[in-house]
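Notes follow the structure.
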Amino acid sequence: MTAEISTMLAGNRLRDWWRAPAIALAAGLIAGSSGLATPAAPPAPDYLFNDSHFHLTNYVQQGTDIHKYLEIMGDKIGRSTLFGIPLQQTWSYANSGDFAPTYYLQSDAPLYYYSFTDAYIARVFQSLSKADQARLDPMITGFNPADMYAVDHIRRVLETFPGVFTGIGEFTIHKEFVSSKVCGVTASLTNPAVDRIFDFAAEVGLAVILHNDVDMPFAKAGTEPVYLQEIISLLRRHPKTTIIWAHIGLGRVVHPTENQATSDTAERSPAYQQIVERMLADPTLNHVYFDISWDEVAKYAIQSPEIEKRVAATFNRYPDRFLFGTDNVAPADQATQLRVYQLWAPIWAQLTPESSAKIRKGNYERIFDAARVKVRAWEKANVKQD
């Protein structure tokens with residue numbers, strides 16, 4: 001997301017930002033219905049990765065044209081998830097005047113849930129050829145996880161757009177600088193609304209991408225991550241749900257914890273790598289996967305040769321449990337889209353060929369192919385289709 005931030009901080013966007021999704025949608029539909037849209041080139045057998053974490057639009061619902069995104073994927077990216085941002089940044093004149101914020105760090109004004117993102121994603125997906133559609137896995141994000149009615153929204157989306165969605169997410173419970181800005185009741189890992197979402201995902205077969213910081217921002221060293229026990233408890237309550245924990249629970253200022261010198265704190269607060277490995281070895285969490293998306297996550301993994309070696313060793317021990325993703329937001333070109341992948345180069349170089357292939361490609365295909373089959377079967381049994 002760092003490139004996105006710097007681009008937005010450079011100046012105001014067009015004042016008619018709200019028209020962008022509608023204009024892009026209309027263009028996509030016209031091209032698709034007239035047969036003028038040219039299918040993107042299929043990925044070469046040696047494509048670099050599948051993208052398990054990709055945002056087509058940003059915090060003011062602007063984004064990359066779907067046909068342009070397929071050109072960006074080209075022969076470098078095999079498949080990709082496809083979702084927007086479920087939150088809209090308010091442009092409050094009282095707060096920022098004529099400056100139109102496009103990112104949550106640019107304004108003190110609140111964020112609110114933007115459910116239309118799911119319809120937008122569905123319609124641009126439907127504008128594509130079948131060959132191009134096969135490369136994308138749209139995800140439902142436009143729901144409030146603090147609302148007991150969230151499940152009803154997810155069901156309505158599946159009923160309205162059968163044959164489109166593969167999963168839900170990325171949706172957020174705890175996120176640095178974001179959770180406190182969201183209008184309404186603050187989401188919580190202990191809220192039964194979240195359990196309802198996970199239960200329904202298991203029933204349908206939807207893959208789930210969950211963003212939940214493991215700790216509070218600027219946490220004190222030597223203490224257990226504040227949300228660790230709650231997130232583990234939630235994950236254990238839903239063994240039939242396929243869950244991908246985004247960013248391994250880390251954030252821009254939610255750092256991996258390190259051991260302290262004293263024996264009592266070392267026992268109470270092990271290094272974050274040890275926490276993750278305990279989760280990986282826990283048979284009650286076999287349904288949980290970790291995505292290593294976002295350049296902010298990559299920076300922790302490549303801080304030093306020693307850390308790189310430890311991270312690569314964990315990946316080699318548990319290659320079935322990690323997925324690569326970019327967490328890019330509305331990229332303008334292929335170079336931008338590939339940047340996060342390239343940051344991981346020191347790690348890729350230390351992986352076995354089998355481990356590298358699984359993390360970059362195979363785990364995505366295994367998880368999302370299974371979800372496609374299950375969701376289409378649920379739709380066939382539960383959704384009236386013309």
Side-chain angles (χ1 to χ4, degrees), residues 53 83 85-87 104 110-115 139-155 167-204 206-220 222-257 268-270 272 274-276 278-291 321:
H53 195 125
F83 43 94
I85 298 280
L87 294 166
Y104 61 84
L111 299 161
Y112 59 89
Y113 287 99
Y114 187 83
S115 293
M139 309 287 281
I140 300 170
T141 67
F143 56 88
N144 178 354
D147 184 359
M148 295 288 281
Y149 277 125
V151 164
D152 298 81
H153 170 84
I154 297 167
R155 181 187 291 272
I168 60 176
E170 175 198 25
F171 76 95
T172 297
I173 305 299
H174 296 292
K175 181 177 181 179
E176 55 190 9
F177 312 125
V178 170
S179 299
S180 61
K181 291 190 62 173
V182 179
C183 294
V185 177
T186 303
S188 166
L189 293 167
T190 60
N191 189 329
V194 178
D195 289 290
R196 293 192 77 208
I197 293 168
F198 277 62
D199 286 340
F200 186 66
E203 174 190 334
V204 178
L206 295 157
V208 176
I209 302 176
L210 171 68
H211 182 127
N212 188 86
D213 295 346
V214 73
D215 211 345
M216 66 179 70
F218 308 108
K220 182 180 178 180
T223 59
E224 180 179 87
V226 66
Y227 301 121
L228 178 61
Q229 296 307 319
E230 286 188 359
I231 184 67
I232 290 177
S233 178
L234 173 67
L235 298 174
R236 284 177 175 158
R237 290 199 299 273
H238 299 280
K240 296 181 180 180
T241 308
T242 299
I243 303 166
I244 302 168
W245 190 6
H247 323 308
I248 327 180
L250 301 175
R252 184 176 288 108
V253 295
V254 176
H255 303 159
T257 57
R268 186 163 56 89
S269 179
Y272 194 58
Q274 292 176 293
I275 292 174
V276 172
R278 288 178 184 176
M279 295 180 68
L280 290 165
D282 187 339
T284 69
L285 299 175
N286 284 343
H287 59 295
V288 178
Y289 301 86
F290 300 82
D291 93 23
R321 304 289 291 282

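Predicted model only: the values in this text are computed from it and were never measured.
The ring-ring contact (aromatic ring centres under 6.0 Å, His included) check on F171 picks up F143, with sequence neighbours excluded. Taking the side-chain hydrogen bond (donor to acceptor under 3.5 Å, both in side chains) definition, one finds that S188 meets it with T190, sequence neighbours left out. Taking the side-chain hydrogen bond (donor to acceptor under 3.5 Å, both in side chains) definition, one finds that D213 meets it with H211, sequence neighbours left out. Applying the ring-ring contact (aromatic ring centres under 6.0 Å, His included) criterion to H287, with sequence neighbours excluded, gives no partner residue. Remark: E203 engages R155, F200, W378 in a side-chain contact (heavy atoms from CB on, under 4.5 Å) (not counting sequence neighbours). Remark: Y227 engages H174 in a ring-ring contact (aromatic ring centres under 6.0 Å, His included) (not counting sequence neighbours).
Between P256 and L250, the closest side-chain pair of non-hydrogen atoms falls below 4.5 Å. In this structure, the side chains of N212 and L189 come closer than 4.5 Å at one or more pairs of heavy atoms. Counting only heavy atoms from C-beta outward, the side chains of P145 and I197 approach each other to under 4.5 Å. A heavy-atom distance below 4.5 Å is found between the side chains of L235 and M279. The closest side-chain heavy-atom distance from I173 to V194 is below 4.5 Å. Looking at heavy atoms from C-beta onward, M139 lies out of side-chain contact with E170 at the 4.5 angstrom threshold. Between V182 and Y113, some side-chain heavy-atom pair lies under the 4.5 Å cut-off. Side-chain atoms of I168 and I209, non-hydrogen and from C-beta on, never get closer than 4.5 Å to each other.
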Give the intermediate values and the outcome of ring pair (Phe, Tyr, Trp, His ring centres under 6.0 Å) for residues H53 and F83. CA-CA 8 Å; H53 195 125; F83 43 94; 5.4 Å; yes
Decide side-chain contact (heavy atoms from CB on, under 4.5 Å) for F198 and I243; before the verdict, give the C-alpha distance in whole Å, the side-chain angles of both, and the deciding distance to 0.1 Å. CA-CA 9 Å; F198 277 62; I243 303 166; 3.1 Å; yes
May I have the step-by-step check of side-chain contact (heavy atoms from CB on, under 4.5 Å) for L87 and K181, ending in yes or no? CA-CA 10 Å; L87 294 166; K181 291 190 62 173; over 6 Å; no
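No donor-acceptor pair under 3.5 Å is formed between the side chain of Y289 and the backbone N or O of A246.
Contact between P217 and V253 at its shortest, heavy atoms only, is CB-CG2, 3.7 Å. D215 and V254 make their closest contact through O-CG2, 3.5 Å (heavy atoms, listed as atom of the first residue, atom of the second, distance).
Applying the side chain to side chain donor-acceptor pair (under 3.5 Å) test to pairs two or more places apart or on separate chains, those with a residue in residues 236-245 are D195-R237, D195-H238, D199-H238, S233-R237, R236-D282, R236-T284.
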Side-chain donor-acceptor contacts of residues 146-153 below 3.5 Å, not counting sequence neighbours, with atom names and distances?
residue: D147; atom: OD1; partner: Y149; partner atom: N; Å: 2.9
residue: H153; atom: NE2; partner: D118; partner atom: OD2; Å: 2.7
residue: H153; atom: NE2; partner: G142; partner atom: O; Å: 3.2

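Taking the six-membered ring for Trp and the full ring otherwise, the centers of H255 and Y272 sit at least 6.0 Å from each other.
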